[in-house]
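Just so you know, residue 1 is the first one in the sequence shown, and it goes up from there.
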Amino acid sequence: MKIVLASGNKGKIKEIGKLMPNDEVIAFKDILGDIEIVEDKDTFKGNAIKKAKVIYDELEKKGYKNHLVISDDSGLTVPELNNEPGIYSARYAGENASDNENNEKLIKSLKEKNIKRTPAYYTACIAIVYQGNIETVHGWMHGEVIDEQSGNEGFGYDPLFIPKGFDKTLGQLPHEVKKEFSHRSKALNLAKKVLDVII
Ligand SMILES: O=c1[nH]c(=O)c2ncn([C@@H]3O[C@H](COP(=O)(O)OP(=O)(O)OP(=O)(O)O)[C@@H](O)[C@H]3O)c2[nH]1
Ligand SMILES: [Mg+2]
């Protein structure tokens with residue numbers, strides 16, 4: 001199945017490609033070039049649906065007929081930080097912030113509250129748009145965030161996130177560990193079940 005991914009996040013594109021080896025996952029930019037999508041909804045689900053629909057409609061304008069688009073809106077929630085960064089995870093340290101800038105901002109927020117380690121969880125919402133149908137699925141991964149970066153595996157906040165049942169960050173753990181039970185893997189496994197039904 002040819003799937004267009006409505007994401008510009010290289011870490012996600014890589015992870016989703018690995019999680020759907022039997023499908024051809026194409027990043028939308030490879031077909032449509034750069035398209036800025038304003039993520040102005042107040043939930044992961046709202047932003048995921050918006051991203052998938054914008055790309056689905058743009059493909060339709062280009063004459064695509066039987067295309068299928070998936071998107072991922074995801075982020076990290078830290079209850080002790082008033083549920084920050086949440087849906088603002090990609091721009092916690094400001095518009096176009098790098099992963100490192102976002103991580104440094106999170107470390108600063110933890111230190112301001114004298115927090116060295118506290119529960120946190122990732123949420124991923126995957127939206128699927130196909131022949132006018134819109135479906136969404138979610139996945140969560142629980143653990144803790146710490147106030148220093150460790151490791152270079154994964155992307156985003158992974159170097160600060162210790163998954164439940166482990167004592168290392170996702171930055172230190174091999175990708176196979178994250179692939180087993182990340183928020184994105186769980187959501188994609190559900191998305192595959194939806195794809196089996198709607199296609
Ligand atoms: O360490 C992480 N491991 C993960 O597995 C993960 N999943 C999401 N995130 C964070 O949440 C933002 C998503 O924001 P987001 O869903 O708007 O994506 P994005 O703007 O980066 O790309 P796009 O998919 O919107 O094009 C990302 O930038 C990351 O900071 C993660 N961090
Ligand atoms: Mg985004």
Side-chain angles (χ1 to χ4, degrees), residues 1-77 85-91 95-96 99 121-142 154-158 170 175-199:
M1 177 80 200
K2 202 175 267 191
I3 294 172
V4 178
L5 180 53
S7 175
N9 182 305
K10 290 189 175 52
K12 290 187 190 178
I13 295 165
K14 191 172 157 198
E15 282 189 7
I16 292 171
K18 281 186 181 168
L19 288 163
M20 303 184 91
N22 302 329
D23 300 299
E24 186 188 351
V25 177
I26 308 157
F28 80 89
K29 287 183 181 178
D30 294 349
I31 304 175
L32 298 168
D34 231 345
I35 296 177
E36 186 64 32
I37 304 172
V38 176
E39 296 178 42
D40 52 3
K41 303 301 179 193
D42 55 11
T43 60
F44 290 116
K45 178 175 177 178
N47 281 323
I49 289 173
K50 180 171 181 181
K51 288 190 274 191
K53 274 181 70 180
V54 163
I55 298 306
Y56 184 88
D57 294 346
E58 286 301 317
L59 287 167
E60 202 154 54
K61 281 182 207 163
K62 291 250 183 214
Y64 284 78
K65 291 273 174 274
N66 203 24
H67 50 303
L68 184 144
V69 178
I70 66 171
S71 66
D72 160 321
D73 200 58
S74 43
L76 177 74
T77 298
I87 59 169
Y88 304 106
S89 292
R91 49 195 189 278
E95 284 305 321
N96 306 313
D99 285 351
Y121 61 90
Y122 280 122
T123 303
C125 177
I126 302 266
I128 302 162
V129 178
Y130 177 63
Q131 294 185 345
N133 296 305
I134 301 174
E135 304 291 344
T136 56
V137 290
H138 286 76
W140 290 271
M141 174 166 57
H142 288 267
F155 69 99
Y157 298 95
D158 286 346
L170 284 177
H175 172 75
E176 290 63 35
V177 170
K178 181 176 177 183
K179 191 176 168 192
E180 266 313 294
F181 56 80
S182 80
H183 50 312
R184 186 159 297 108
S185 312
K186 288 172 190 165
L188 276 168
N189 286 334
L190 291 174
K192 285 177 194 170
K193 293 183 189 332
V194 171
L195 293 179
D196 289 345
V197 171
I198 64 173
I199 294 165

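By the 4.0 Å N-to-carboxylate-O rule, K50 lies too far from D73 to be salt-bridged with it. Salt-bridge check for K18 with E15: failed, with every basic side-chain N at 4.0 Å or more from each acidic carboxylate O. The existence of a salt bridge linking E39 and K51 is confirmed by a sub-4.0 Å separation between a basic side-chain nitrogen and an acidic carboxylate oxygen.
Sorted by first and then second residue, the salt bridge (charged side-chain N to carboxylate O under 4.0 Å, His left out) pairs involving residues 25-37 (not counting sequence neighbours) are K29-D34.
You'll find the side chain of H67 stays beyond 4.5 Å of the side chain of K2, heavy atoms only. In this structure, L32 and L59 have side chains that are in contact, with non-hydrogen atoms separated by less than 4.5 Å. Using a 4.5 Å heavy-atom cutoff, the side chains of I31 and E58 are not in contact.
Taking all atoms of both residues into account, the shortest heavy-atom contact from V129 to A52 is CG2-CB, 3.6 Å. D99 and G156 make their closest contact through OD2-N, 2.9 Å (heavy atoms, listed as atom of the first residue, atom of the second, distance). Between Y56 and Q131, the shortest heavy-atom contact is OH-N, 3.0 Å. Pairing each heavy atom of T77 with each of G86, the nearest pair is OG1-CA, 3.9 Å. Of all heavy-atom pairs between A48 and C125, the closest is CB-O, 3.6 Å.
More than 12 heavy atoms of other residues, nucleotides or ligands shown are found within 6.0 angstrom of CD on E60. The local environment of NZ in K192 is crowded, with over 12 non-hydrogen atoms from other residues, nucleotides or ligands closer than 6.0 Å. Taking a 6.0 Å sphere around CG of D40, one finds it holds more than 12 heavy atoms contributed by other residues, nucleotides or ligands. Within 6.0 Å of OH on Y88 lie no more than 12 heavy atoms contributed by other residues, nucleotides or ligands.
With hydrogens and angles ignored, the 3.5 Å screen pairs no side-chain donor or acceptor of N189 with any backbone N or O of K186. Judged by distance alone, the side chain of S89 and the main-chain N or O of L76 form a donor-acceptor pair under 3.5 Å. Distance alone, capped at 3.5 Å, places no donor-acceptor pair between the S182 side chain and the K179 backbone.
I198 contributes atom CD1, which lies 5.5 Å from atom CD1 of I128 (distance to the nearest 0.5 angstrom). Atoms CD1 and CD1, from I49 and I134 in turn, are 6.0 Å apart once rounded to the nearest 0.5 Å. From S74, atom OG reaches atom CD1 of I87 across 12.0 Å, with rounding to the nearest 0.5 Å. Between the NZ atom of K178 and the CG atom of L19 there is a distance of 9.5 Å, given to the nearest 0.5 Å. Between I70 atom CD1 and D72 atom CG the span is 8.0 Å, to the nearest 0.5 Å. Rounding to the nearest 0.5 Å places CG of N9 at 12.5 Å from OG of S71.
With I3 as the partner, the side-chain contact (heavy atoms from CB on, under 4.5 Å) test is satisfied by one option alone out of V69, I26, L195: L195. Put simply, the residue from Y157, F44, Y121, Y122 that forms a ring pair (Phe, Tyr, Trp, His ring centres under 6.0 Å) with H183 is Y122.
The aromatic rings of H138 and W140 sit parallel to each other, their planes meeting at less than 30°, with 60° as the upper class boundary.
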